[in-house]
Undergrad: 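Have a look at this one.
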Amino acid sequence: MISTHPQTTSELLAKARALTSMSVGELARLWQVPIPADLHKSKGWMGQLLELVLGTTSGNKPQPDFAELGIELKTIPITPLGRPLESTFICSAPLTQTLGLTWRNSPVYQKLKKILWVPIITAPKTQILSERTVGTAMLWEPSEEEEQLLQADWEELMEMITLGQIAQITAHHGTYLQLRPKAAHARALCKAIGEDGEPISTLPRGFYLRAQFTQQILQHDKRR
DNA sequence: TGCTGATCATGA
DNA sequence: TCATGATCAGCA
């Protein structure tokens, strides 16, 4: 089966909604994608399957998955009750040259401003991949209130990075947006700002949405 | 058992 | 190394 790139937002949403209740095994068969035994060594597999099915246009370039529509695609494993099993990676965090960076022109905001969420109903986490099913996809844009909350977290974290306090940042910081390691392994280091403004080597970090926040998004949208 | 910190695959 | 896609694994 061949996917065409969706031309409009409504076409994309309709396409995603048409997948509701389909099993992962069914999708993989239709698109002739081999199913891994588990996701241990194929962590991005689910996301890549949906990219194929929905016909994303961007590959692994630093731009929205549907560049023309300005929409980012995120697959999120949820329990049958709608609780996300994982936090959601947004983008890597700039650790140097952060002065002058503002919320609205930050990579975090650019990623978050329009997201197509595709829930994958997964229960329990050990459930065989092919038996998981697609939930109801939804298009989300942050409300004013949500944006303010995210911006506050972002500003707190970015200030710490800029002031050379990255070593003190843990995943406990940030109410809805957190900063965590994002690396191939512990030896993958990058440059950051040290306590006295000197360059230091540290683990690359990424911004993540807490599962609690994602849950609110998904629940809120159901009431519309 | 939820969450943090660590990790896996792939392409340029 | 850094971008894309995330989930794993063990501790609190």
Side-chain angles (χ1 to χ4, degrees), chain A residues 3 16 24 27-28 31 33-67 71-97 106-108 110-112 115-129 132 134-135 153 157 160 166-192 199-216:
Chain A
S3 294
V24 169
L27 285 182
W31 271 267
V33 176
I35 307 178
D38 57 58
L39 295 179
H40 188 169
K41 299 226 167 167
S42 313
K43 296 184 180 180
W45 185 82
M46 197 63 81
Q48 282 157 359
L49 176 62
L50 269 295
E51 285 187 343
L52 183 64
V53 170
L54 292 175
T56 58
T57 56
S58 298
N60 73 341
K61 295 192 288 285
Q63 59 180 259
D65 295 301
F66 300 97
I71 295 174
E72 182 71 20
L73 172 66
K74 288 290 177 194
T75 57
I76 174 76
I78 63 171
T79 69
L81 294 178
R83 187 178 196 294
L85 292 170
E86 300 288 349
S87 51
T88 303
F89 173 72
I90 302 304
C91 61
S92 56
L95 302 183
T96 57
Q97 299 171 343
S106 72
V108 175
Q110 294 303 316
K111 287 276 185 184
L112 290 180
I115 293 183
L116 178 69
W117 295 98
V118 179
I120 304 295
I121 300 169
T122 305
K125 219 166 155 179
T126 53
Q127 181 184 27
I128 184 167
L129 271 186
R132 299 180 186 182
V134 180
D153 284 340
L157 292 165
M160 290 184 75
I166 189 167
Q168 294 150 47
I169 301 178
T170 72
H172 295 286
H173 289 82
T175 311
Y176 298 107
L177 191 67
Q178 59 179 178
L179 196 72
R180 306 219 307 270
K182 162 66 172 173
H185 47 73
R187 282 88 63 204
L189 299 177
C190 68
K191 292 298 174 196
I200 60 169
S201 283
T202 188
L203 215 49
R205 313 299 166 95
F207 285 105
Y208 293 78
L209 288 182
R210 291 183 182 280
Q212 186 191 106
F213 184 79
T214 313
Q215 177 167 20
Q216 284 177 31

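In what follows, chains are A, B, ... by sequence order, proteins preceding strands, each numbered from 1.
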Undergrad: Which nucleotide sits closest to the side chain of C190(A): dT7(B), dA9(C), dC2(C)?
TA: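 Closest of the options to the side chain of C190(A): dC2(C).
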Undergrad: Among the nucleotides dT7(B), dG5(C), dT7(C), which one has an atom lying closest to any side-chain atom of R180(A)?
TA: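 Closest nucleotide to the R180(A) side chain: dT7(C).
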Undergrad: Want to settle it: does Q212(A) or A184(A) sit nearer the 5' end of DNA chain B, counting the closest nucleotide to each?
TA: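 Nearest-nucleotide comparison on DNA chain B picks Q212(A).
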Undergrad: Determine whether a donor-acceptor pair (one donor, one acceptor, N or O, separation below 3.5 Å) exists between the side chain of K43(A) and the base of dT7(B).
TA: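 Looking at the base of dT7(B), it does pair with a donor or acceptor on the side chain of K43(A) (distance under 3.5 Å).
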Undergrad: Does the side chain of P77(A) come within less than 4.5 Å of M46(A)'s, by heavy atoms?
TA: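 Heavy-atom side-chain distance check fails, nothing below 4.5 Å.
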Undergrad: Could you check whether P204(A) gets within reach of a base, just the sugar-phosphate, or nothing at all, counting any heavy atom under 4.0 Å?
TA: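 It contacts nothing in the nucleic acid.
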Undergrad: Can you identify which nucleotide, out of dT7(C), dA9(B), dT4(C), has its nearest atom closest to the K182(A) side chain?
TA: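 Selected nucleotide (nearest to the side chain): dT4(C).
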Undergrad: Check whether any side-chain N or O of H40(A) sits under 4.0 Å from OP1 or OP2 of dA9(C), and answer yes or no.
TA: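 The answer is yes; a side-chain N or O of H40(A) sits under 4.0 Å from OP1 or OP2.
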Undergrad: Closest to the K74(A) side chain: dA9(C), dC8(B), dA6(C)?
TA: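 For K74(A), the side-chain atoms sit closest to dA6(C).
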Undergrad: Between dG5(C) atom C1' and I76(A) atom CD1, what is the distance in whole Å?
TA: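 Answer to the nearest Å: 13 Å.
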Undergrad: Both A171(A) and Q48(A) contact DNA chain B. Which one's nearest nucleotide lies toward the 5' end?
TA: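 Result of the comparison: A171(A).
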Undergrad: To the side chain of Q178(A), which of dG2(B), dT7(B), dT4(B) is closest?
TA: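 Looking only at heavy atoms from C-beta outward on Q178(A), the closest nucleotide is dT4(B).
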Undergrad: In whole angstroms, how far is the C1' atom of dA3(C) from the CZ atom of F207(A)?
TA: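 Rounded to whole Å, this separation is 16 Å.
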Undergrad: Mind checking G44(A) for me? I need base, sugar-phosphate or nothing, with any heavy atom below 4.0 Å counting as a touch.
TA: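 Base contact.
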Undergrad: Please work out if S92(A) contacts a base, only the sugar-phosphate, or nothing of the nucleic acid, heavy-atom cut-off 4.0 Å.
TA: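 Sugar-phosphate, backbone atoms only, no base.
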Undergrad: Under 4.5 Å between any side-chain heavy atoms of K111(A) and K74(A), yes or no?
TA: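 No, too far: nothing below the 4.5 Å cut-off.
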